[in-house]
Chemist: 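Have a look at the structure that comes next, please.
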Amino acid sequence: MSQESSNDKKPTIPPYMKAISGSLGGAVEASCLQPIDVIKTRLQLDRSGNYKGIIHCGSTIVRTEGVRALWKGLTPFATHLTLKYTLRMGSNAVFQSAFKDSETGKLSNQGRLMSGFGAGVLEALAIVTPFEVVKIRLQQQKGLSPELLKYKGPIHCARTIIREEGVLGLWAGAAPTVMRNGTNQAAMFTAKNAFDVLLWKKHEGDGRVLQPWQSMISGFLAGTAGPVCTGPFDVVKTRLMAQSREGGELKYKGMVHAIRTIYAEEGLLALWKGLLPRLMRIPPGQAIMWAVADQIIGLYERRHLHIAPS
């Protein structure tokens with residue numbers, strides 16, 4: 001029996017360990033990268049060209065609103081990332097178990113893609129959409145005086161949205177969020193596994209623990225393709241989440257209407273607004289998250305899956 005075949009007979013990493021590794025990785029990522037997310041949101045909401053680019057946007061926010069404004073929405077962002085990665089990593093592990101070949105225990109690339117897409121859809125509906133609605137509403141507010149801001153904090157923001165727009169107001173932009181996250185996670189999990197094997201000859205469950213820098217390289221590369229492919233979904237998601245019914249009729253009626261309206265009014269490239277800060281945020285974020293997650297998963301593999309000699 002080959003080494004690979006014997007490894008298939010060993011216990012696999014349980015979903016709860018994947019969930020724990022993701023939650024800790026998400027907490028670290030949020031603390032490091034929140035300012036880039038604030039800048040990305042402001043650029044995506046800028047219809048009149050007030051910001052000339054990433055540096056100008058960041059410096060304008062600091063000058064007019066103070067340094068702390070770069071961490072606006074951190075509480076919902078950190079909570080959202082922690083819960084999101086918990087659900088993403090855990091559900092992906094459950095889906096992968098379901099898609100594994102019952103005889104060989106192997107997971108095909110198609111199964112890996114479907115597992116990632118399923119995890120992305122689940123996280124988008126259960127966690128990402130409502131948390132991002134609150135985060136974006138907080139981030140789009142400008143000014144130094146808290147008493148002049150409509151939303152005083154995450155809880156107040158959520159309650160105000162529910163009171164004014166109904167519970168479904170927290171799920172504004174759900175359709176593009178589902179498309180964005182499903183596609184992103186399908187690509188990310190597949191690419192991360194491929195880069196681990198290609199660059200480091202690391203297979204899941206083999207007992208080897210990547211060095212943090214190796215995990216960061218694989219995670220960074222895996223996190224690069226998604227933003228380019230899903231840029232329009234992200235811009236539309238942000239626009240749909242930012243608008244409220246307070247002023248009367250909504251500008252964007254839904255995902256398709258928003259894409260057509262943005263294209264007609266602002267041009268094709270407007271659908272990729274905020275791409276550079278997304279590329280500054282998502283690949284480094286994946287690098288940080290996987291550096292933490294791989295260490296936790298690797299520690300579990302060594303202690304619990306490879307106690308007896310092969």
Side-chain angles (χ1 to χ4, degrees), residues 29-78 80-81 131-146 148-151 157 172-173 176-177 180 184 220 223-244 246-247 250-252 255 257-288:
E29 175 189 341
S31 301
C32 296
L33 300 178
Q34 171 71 356
I36 296 175
D37 194 72
V38 170
I39 292 171
K40 180 211 78 168
T41 300
R42 290 290 182 88
L43 286 172
Q44 289 182 337
L45 294 174
D46 180 25
R47 297 192 188 100
S48 54
N50 292 325
Y51 303 121
K52 310 306 178 187
I54 294 172
I55 303 299
H56 180 257
C57 180
S59 61
T60 301
I61 292 171
V62 171
R63 186 179 67 254
T64 59
E65 303 172 55
V67 175
R68 292 180 62 183
L70 290 173
W71 274 266
K72 274 186 175 179
L74 177 60
T75 300
F77 184 54
H80 141 248
L81 266 192
F131 273 93
E132 289 212 357
V133 168
V134 171
K135 176 188 66 116
I136 285 170
R137 294 289 180 91
L138 290 171
Q139 287 178 347
Q140 72 174 342
Q141 297 186 126
K142 300 176 183 178
L144 286 169
S145 304
L148 299 179
L149 300 178
K150 177 177 180 178
Y151 306 117
C157 179
T177 307
R180 182 198 68 171
N184 263 339
F220 186 94
T224 301
V228 176
C229 298
T230 62
F233 293 129
D234 194 62
V235 171
V236 169
K237 169 199 72 70
T238 301
R239 295 286 180 90
L240 289 174
M241 289 178 174
Q243 67 180 0
S244 69
E246 184 185 20
L250 296 176
K251 179 179 177 65
Y252 305 115
M255 179 174 71
H257 180 259
I259 291 175
R260 293 173 60 185
T261 303
I262 294 170
Y263 173 72
E265 294 182 354
E266 303 172 53
L268 181 64
L269 291 181
L271 290 169
W272 275 269
K273 273 190 174 182
L275 176 61
L276 187 53
R278 278 192 84 203
L279 288 173
M280 290 175 63
R281 211 219 49 72
I282 293 176
Q286 289 301 298
I288 294 169

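Note that the numbering runs from 1 along the sequence shown for the chain.
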Chemist: If every non-hydrogen atom of G223 is compared with every non-hydrogen atom of I282, which pair is closest and at what distance?
Modeler: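 Residues G223 and I282, closest heavy atoms: O-CG2, 3.5 Å.
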
Chemist: Please round to the nearest 0.5 Å and tell me the distance separating atom NZ of K40 and atom CG of L276.
Modeler: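 The CG atom of L276 is 13.0 Å from NZ of K40, to the nearest 0.5 Å.
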
Chemist: Ion pair present between R239 and E266, side-chain N to carboxylate O less than 4.0 angstrom?
Modeler: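 Salt bridge between R239 and E266, a charged N being under 4.0 Å from a carboxylate O: yes.
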
Chemist: With a sphere of 6.0 Å drawn around CZ of R47, does it hold more than 12 non-hydrogen atoms of other residues, nucleotides or ligands?
Modeler: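 More than 12 within 6.0 Å, yes.
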
Chemist: Who are the salt bridge (Lys or Arg N to Asp or Glu O under 4.0 Å) partners of R281, not counting sequence neighbours?
Modeler: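 In terms of salt bridge (Lys or Arg N to Asp or Glu O under 4.0 Å), with neighbours along the sequence ignored, R281 is linked to E29, D37.
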
Chemist: How about L148: does its CG atom have over 12 heavy atoms from other parts shown lying under 6.0 Å from it?
Modeler: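 Yes, because the 6.0 Å sphere around CG of L148 holds more than 12 heavy atoms from other groups.
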
Chemist: Within the structure provided, determine whether Y151 and V134 are in side-chain contact (heavy-atom separation under 4.5 Å).
Modeler: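 Side chain of Y151 against side chain of V134, heavy atoms only: no contact under 4.5 Å found.
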
Chemist: Between R278 and P227, what is the shortest heavy-atom contact and its length?
Modeler: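 For R278 versus P227, the nearest heavy atoms are NH1-O, 3.3 Å.
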
Chemist: Working note: T41 + K135, criterion side-chain contact (heavy atoms from CB on, under 4.5 Å); need CA distance, chi angles, decisive distance, verdict.
Modeler: CA-CA 9 Å; T41 300; K135 176 188 66 116; 4.3 Å; yes

Chemist: Only pairs at least two apart or in different chains count here, so list each side chain to side chain donor-acceptor pair (under 3.5 Å) that has a residue in residues 66-75.
Modeler: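 Applying side chain to side chain donor-acceptor pair (under 3.5 Å) to every pair that reaches into residues 66-75, excluding sequence neighbours, yields E65-K72.
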
Chemist: Would you say the side-chain atoms of Q140 pair up with the backbone N or O of A242, donor to acceptor, closer than 3.5 Å?
Modeler: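 Yes, because the side chain of Q140 sits within donor-acceptor range (under 3.5 Å) of the backbone of A242.
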
Chemist: Under the side chain to side chain contact (heavy atoms under 4.5 Å, CB included) rule, collect the residues that match up with L43, sequence neighbours excluded.
Modeler: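 For L43, the residues satisfying side chain to side chain contact (heavy atoms under 4.5 Å, CB included) (neighbours in sequence not counted) are I39, Y51, I54, C57, P277.
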
Chemist: Give the C-alpha distance, both sets of side-chain angles, the deciding distance and a yes or no for side-chain contact (heavy atoms from CB on, under 4.5 Å) between T177 and M241.
Modeler: CA-CA 10 Å; T177 307; M241 289 178 174; 3.4 Å; yes

Chemist: To the closest 0.5 Å, what do you measure between CG (L279) and CZ (F220)?
Modeler: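 Between atom CG of L279 and atom CZ of F220 there are 8.0 Å.
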
Chemist: Could you tell me the separation between the CD1 atom of I136 and the CD atom of Q44, rounded to the nearest 0.5 Å?
Modeler: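 Answer for the CD1-CD pair, I136 versus Q44, is 7.5 Å.
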
Chemist: For the residue pair A30 and A78, what are the closest heavy atoms and their distance?
Modeler: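 The pair with the smallest heavy-atom distance is CB-CA, 3.6 Å.
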
Chemist: Between V236 and P176, what is the shortest heavy-atom contact and its length?
Modeler: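 Heavy atoms only, the tightest pair is CG1-CG, 4.0 Å.
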
Chemist: CD of Q139 to CG of L70: how many Å apart, nearest 0.5 Å?
Modeler: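 The distance works out to 10.0 Å.
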
Chemist: If you take all heavy atoms of V133 and A172, which pair is closest and at what distance?
Modeler: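 Closest approach of V133 to A172, heavy atoms only: CG2-O, 3.6 Å.
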
Chemist: For K52, what residues pass the side chain to side chain donor-acceptor pair (under 3.5 Å) criterion, not counting sequence neighbours?
Modeler: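 None.
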
Chemist: For a quick test of reading the model, state the closest non-hydrogen atom pair linking T64 to T60 and the distance between them.
Modeler: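 Minimum heavy-atom contact is OG1-O, 2.7 Å.
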
Chemist: Of all residues at least two apart in sequence or in a different chain, which pass the salt bridge (Lys or Arg N to Asp or Glu O under 4.0 Å) check with E132?
Modeler: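 Scan of E132 (salt bridge (Lys or Arg N to Asp or Glu O under 4.0 Å), adjacent residues dropped) gives R180, K237.
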
Chemist: Please check if the side chain of Q141 supplies one atom and the backbone of K150 the other of a donor-acceptor pair under 3.5 Å.
Modeler: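 Checked: pair present.
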
Chemist: Roughly how far, to the nearest 0.5 Å, is CG of L268 from CD1 of I262?
Modeler: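 Answer rounded to 0.5 Å: 11.5 Å.
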
Chemist: Supply the atom-to-atom distance L81 CG to L74 CG, rounded to the nearest 0.5 angstrom.
Modeler: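 Nearest 0.5 Å value for the CG-CG distance: 9.5 Å.
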
Chemist: Let's go through K142 and R42 carefully: what are the C-alpha distance in whole Å and the side-chain angles of both, what is the deciding distance for side-chain contact (heavy atoms from CB on, under 4.5 Å) to 0.1 Å, and is it a yes or a no?
Modeler: CA-CA 10 Å; K142 300 176 183 178; R42 290 290 182 88; 4.0 Å; yes

Chemist: Using side chain to side chain donor-acceptor pair (under 3.5 Å) as the criterion, list what pairs up with N50, not counting sequence neighbours.
Modeler: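 Counting only residues at least two positions away or on another chain, N50 forms a side chain to side chain donor-acceptor pair (under 3.5 Å) with S48.
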
